[in-house]
Participant: 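So that we are looking at the same thing, I have put the structure below in structure tokens.
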There are 2 protein chains.
Amino acid sequence: MSSLDSTTATLRRRGLRVTPQRVAILRTLHGLANHPSAEDVFRTVQRDFPSLSLTTVYRTLETLAEHGEVELVHVGGERVRFDHRTDPHHHAVCTVCGRLADVEESQPGLADGLSIPFFGNERPRGNAVVFYGVCTGCRSPATA
Amino acid sequence: MSSLDSTTATLRRRGLRVTPQRVAILRTLHGLANHPSAEDVFRTVQRDFPSLSLTTVYRTLETLAEHGEVELVHVGGERVRFDHRTDPHHHAVCTVCGRLADVEESQPGLADGLSIPFFGNERPRGNAVVFYGVCTGCRSPATA
DNA sequence: GTAGCATCGAAAATCATTCTCAACAGGAAT
DNA sequence: ATTCCTGTTGAGAATGATTTTCGATGCTAC
């Protein structure tokens, strides 16, 4: 919460101007752990920052992504989701509820052996794989 | 090319009315092997069928997908792609040129061992995985 | 303090896809 | 072959996420 917290430091380190909007957006992204959409971030930040515009959220997240500070996760058809984790990992999307979960890169079976000729047989690294399926929650008895 | 070819038979089998639009679209989809978008299919069919509307292409491909006759492939951000292969397999997308390649489900390392708790540890089956990367073509020396 | 450039907000623009609705055409029964 | 019913089509409007535009604002350096 100090004026020179890690969020501010992060922006500085990236050579980006430290604006209240950027600080609020980046802080919020770290607070929302569940891969929020731009709209999700917007609604949350807006509570403390009513003048914030959705345009700025998109712009800021894009800028942060260019600087490797956040990651974009494209899930089929739906809106883009943002991830504050920047270390190598993959994602699983529930095609029913849309929730997103992290999949560690070290999954046995994923990193080992798998090679794709189209990609020159290099194994997929960080944020390169999206799995689609139905999550345990949506598969349970009480599913509509 | 006969009036009762496999395309027509396919539509009949699915209980769908056999219209010239549907025949042309399904035939074209089988002709375009590279996972075309609705727009790609539209442009191709339109050459022989100028009155065809893009709406019909979307509608027909959706209908065929519901009947398991084609598969939708969502690739990050871009338009949806359609696949005439309906047997279980996955996909690899080049993030540079957008080209799509098939990845066999029997890939050693993909089907074996891999389990995702979020999905109840079931291994991913048919059309459930999308790999992102840069294809060999886009990685070569002559890349712009 | 002021110039200059980055950033911001609001509204318009874009792009893929879907919806609406009136006109039309398969195809089963006749 | 004709008719009727219902599914299908085409054109254009609508939608929804994201991007662009542009005038206003505000850091930062001088």
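Reminder, nothing fancy here: chain letters follow the sequence lines and each chain counts from 1. Values below: all heavy atoms of this structure, side chains included; hydrogens, waters and symmetry mates excluded. Values in this document were obtained by computation on a predicted structure and should not be read as measured data.
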Participant: Can you run down the ring pair (Phe, Tyr, Trp, His ring centres under 6.0 Å) pairs that involve residues 40-62 of chain B, sequence neighbours left out, and say none if there aren't any?
Facilitator: none
Participant: Sequence neighbours left out, what passes side chain to side chain donor-acceptor pair (under 3.5 Å) with B:S37? Give chain and number order.
Facilitator: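 Here the qualifying residues are B:D40.
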Participant: Please report the distance, rounded to the nearest Å, between CD in B:E78 and C1' in C:dC15.
Facilitator: 13 Å
Participant: Just to verify, what does B:H84 make a side chain to side chain donor-acceptor pair (under 3.5 Å) with, not counting sequence neighbours?
Facilitator: none
Participant: With the threshold set at under 4.0 Å for non-hydrogen atoms, list the residues of residues 29-41 of chain A touching DNA chain C in residue-number order.
Facilitator: none
Participant: So, does A:T56 get its side chain near the phosphate of C:dG9, meaning an N or O under 4.0 Å from OP1 or OP2?
Facilitator: yes
Participant: For B:V80, check side-chain contact (heavy atoms from CB on, under 4.5 Å) against everything at least two apart and list the hits.
Facilitator: B:L72, B:H74, B:F82
Participant: Test of understanding: with salt bridge (Lys or Arg N to Asp or Glu O under 4.0 Å), list the residues that count as partners of A:R22, not counting sequence neighbours.
Facilitator: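 Once residues adjacent in sequence are excluded, A:R22 has no partner under the salt bridge (Lys or Arg N to Asp or Glu O under 4.0 Å) criterion.
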Participant: What closest approach, in Å, do A:I116 and B:A92 show between heavy atoms, and which atom pair accounts for it?
Facilitator: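 Nearest pair, atom of A:I116 first, then B:A92: CG2-CB, 4.1 Å.
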Participant: Is there any salt bridge (charged side-chain N to carboxylate O under 4.0 Å, His left out) pair reaching into residues 48-69 of chain A, and which pairs are they, with sequence neighbours excluded?
Facilitator: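 Residue pairs passing salt bridge (charged side-chain N to carboxylate O under 4.0 Å, His left out), neighbours aside: A:R14-A:E69.
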Participant: For B:H89, check side chain to side chain donor-acceptor pair (under 3.5 Å) against everything at least two apart and list the hits.
Facilitator: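 B:H89 satisfies side chain to side chain donor-acceptor pair (under 3.5 Å) with B:D83, B:H91, B:D102 once adjacent residues are dropped.
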Participant: How would nucleotides 18-30 of chain C be written as a contact map, 5' to 3', with B for base contact, S for sugar-phosphate-only contact and - for no contact, using protein heavy atoms under 4.0 Å?
Facilitator: BBB----BBS---
Participant: Excluding sequence neighbours, so at least two apart, what forms side-chain contact (heavy atoms from CB on, under 4.5 Å) with A:E78?
Facilitator: A:V75, A:R81
Participant: Check side chain to side chain donor-acceptor pair (under 3.5 Å) between B:D87 and all other residues, then give those that pass, not counting sequence neighbours.
Facilitator: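 B:D87 satisfies side chain to side chain donor-acceptor pair (under 3.5 Å) with B:R85 once adjacent residues are dropped.
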Participant: For chain B and DNA chain D, what are the first and last nucleotides along the strand, 5' to 3', with at least one atom under 4.0 angstrom from a heavy atom of the protein chain?
Facilitator: D:dT6 to D:dG12
Participant: Taking only side-chain nitrogens and oxygens of B:R79, does any of them come within less than 4.0 Å of OP1 or OP2 of C:dC15?
Facilitator: no
